[in-house]
Amino acid sequence: LLSEQAVNPSFDGLSVVFLGTYPSLFRLGLFGHDELGTRRITSPDETVFAFPAVAGDYVAWAELEGNELSVKLYDGATTRQIAAPDTQGSVDVDREGRVVWLREADNGVGFEVIYFDGDQTIQLTHDGLEKEDLAIDDGVVVWRTNFEGTAQISVFDGREIWSPEGFFS
């Protein structure tokens, strides 16, 4: 039993991260568990939001700062902020520490896919459409775009975006 009050687990092999309650504080925090045991990743004064993601030694999550969400990355030893407050909350990470998340589009309706390659942040989309089911593995990003009753799967292979126009309807 890792926690009696835990939600939103994510796992990769034997590594698990989850939101758990700090004893006597009644606040959620981010915890990790692997062959070395259970450890606290965030401090009690940080407010973790939404689903954390884990891949190898890396953990990524959205954290509430004021009224905005920012993206954080933990490499097994240190935590750093990789995006200014602008995320929607959906975050994923791969085993090389590359991170992808959704940011609210300028139109206030849809989302844009944002990619951190380990050094720089790149906005992959610029269409302001609804997006979900975001994932990354080995630097390849995939997501679903919803538009006028259709769903389209797009793939970023590290160089360009592949979208099978009209294939999904």
Side-chain angles (χ1 to χ4, degrees), residues 6-13 15-19 28 30 32 41-42 46-76 79-169:
V7 294
N8 301 342
S10 176
F11 71 94
D12 179 41
S15 296
V16 178
V17 293
F18 58 91
L19 299 179
L28 286 178
L30 185 60
I41 296 173
T42 60
E46 296 172 296
T47 305
V48 178
F49 179 84
F51 298 89
V54 61
D57 292 332
Y58 293 96
V59 179
W61 68 93
E63 185 172 301
L64 190 62
E65 294 184 354
N67 293 326
E68 302 286 334
L69 294 173
S70 64
V71 178
K72 300 284 180 97
L73 178 64
Y74 175 74
D75 64 9
T79 299
R80 66 179 171 151
Q81 179 174 316
I82 60 170
D86 70 352
T87 185
Q88 170 267 347
S90 182
V91 177
D92 200 15
V93 63
D94 72 8
R95 290 175 160 267
E96 301 300 318
R98 293 173 287 231
V99 182
V100 64
W101 65 94
L102 296 176
R103 179 185 58 79
E104 186 175 345
D106 293 336
N107 65 12
V109 178
F111 301 101
E112 304 300 356
V113 177
I114 311 298
Y115 173 72
F116 174 73
D117 67 5
D119 294 315
Q120 62 180 343
T121 301
I122 305 161
Q123 183 172 329
L124 298 181
T125 63
H126 301 272
D127 56 19
L129 298 174
E130 277 187 42
K131 295 171 187 72
E132 55 190 323
D133 299 335
L134 183 69
I136 186 171
D137 185 32
D138 199 23
V140 176
V141 181
V142 64
W143 66 91
R144 183 178 71 185
T145 301
N146 300 314
F147 180 68
E148 296 181 353
T150 64
Q152 176 176 301
I153 304 300
S154 297
V155 176
F156 174 69
D157 65 5
R159 295 180 315 276
E160 59 185 314
I161 296 174
W162 296 83
S163 297
E165 294 292 332
F167 186 75
F168 297 95
S169 57

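By the ring-ring contact (aromatic ring centres under 6.0 Å, His included) test, Tyr115 is found to be paired with Phe156, residues two or more places apart in sequence or in another chain being considered.
Judged as a side chain to side chain donor-acceptor pair (under 3.5 Å), the pairs with a partner in residues 121-132 (not counting sequence neighbours) are, in order, Arg103-Gln123, Glu112-Thr125, Gln123-His126, Asp127-Lys131, Glu132-Arg144, Glu132-Asn146.
Closest of all the heavy-atom pairs between Arg80 and Phe116 is NH2-CZ, 3.4 Å. Shown here for Ala105 and Gly128, the closest heavy-atom pair between the two residues is CB-CA, 3.6 Å. Listed here is the closest heavy atom pair of Gly139 and Asp94: N-OD2, 2.8 Å. In plain terms, the two heavy atoms of Ile161 and Leu124 that are nearest each other are CD1-O, 3.1 Å.
Proximity of Val93 to Tyr74: side-chain heavy atoms (C-beta onward) are nowhere separated by under 4.5 Å. With contacts defined as side-chain heavy-atom distances shorter than 4.5 Å, the pair Val71/Leu73 does not qualify. In this structure, Ile114 and Trp101 have side chains that are in contact, with non-hydrogen atoms separated by less than 4.5 Å. Residues Asp75 and Asp57 form no side-chain contact, since every pair of their non-hydrogen atoms from C-beta on lies 4.5 Å or further apart.
A distance of 10.0 Å separates CG in Asp133 from OG1 in Thr145, rounded to the nearest 0.5 Å.
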Check the pair Val113, Leu102 against side chain to side chain contact (heavy atoms under 4.5 Å, CB included), reporting the backbone distance first and the verdict last.
CA-CA 5 Å; Val113 177; Leu102 296 176; 3.9 Å; yes

Begin with the C-alpha distance, continue with both residues' side-chain angles, and end with the deciding distance and a verdict on side chain to side chain contact (heavy atoms under 4.5 Å, CB included) for Asp92 and Trp143.
CA-CA 11 Å; Asp92 200 15; Trp143 66 91; over 6 Å; no

Show, in sequence, the C-alpha distance, side-chain angles and deciding distance for Val99 and Ile136, and conclude whether the side chain to side chain contact (heavy atoms under 4.5 Å, CB included) test is met.
CA-CA 7 Å; Val99 182; Ile136 186 171; over 6 Å; no

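Residues Asp138 and Arg98 are paired through a salt bridge, judged by an N-O separation under 4.0 Å between the basic side chain and the carboxylate.
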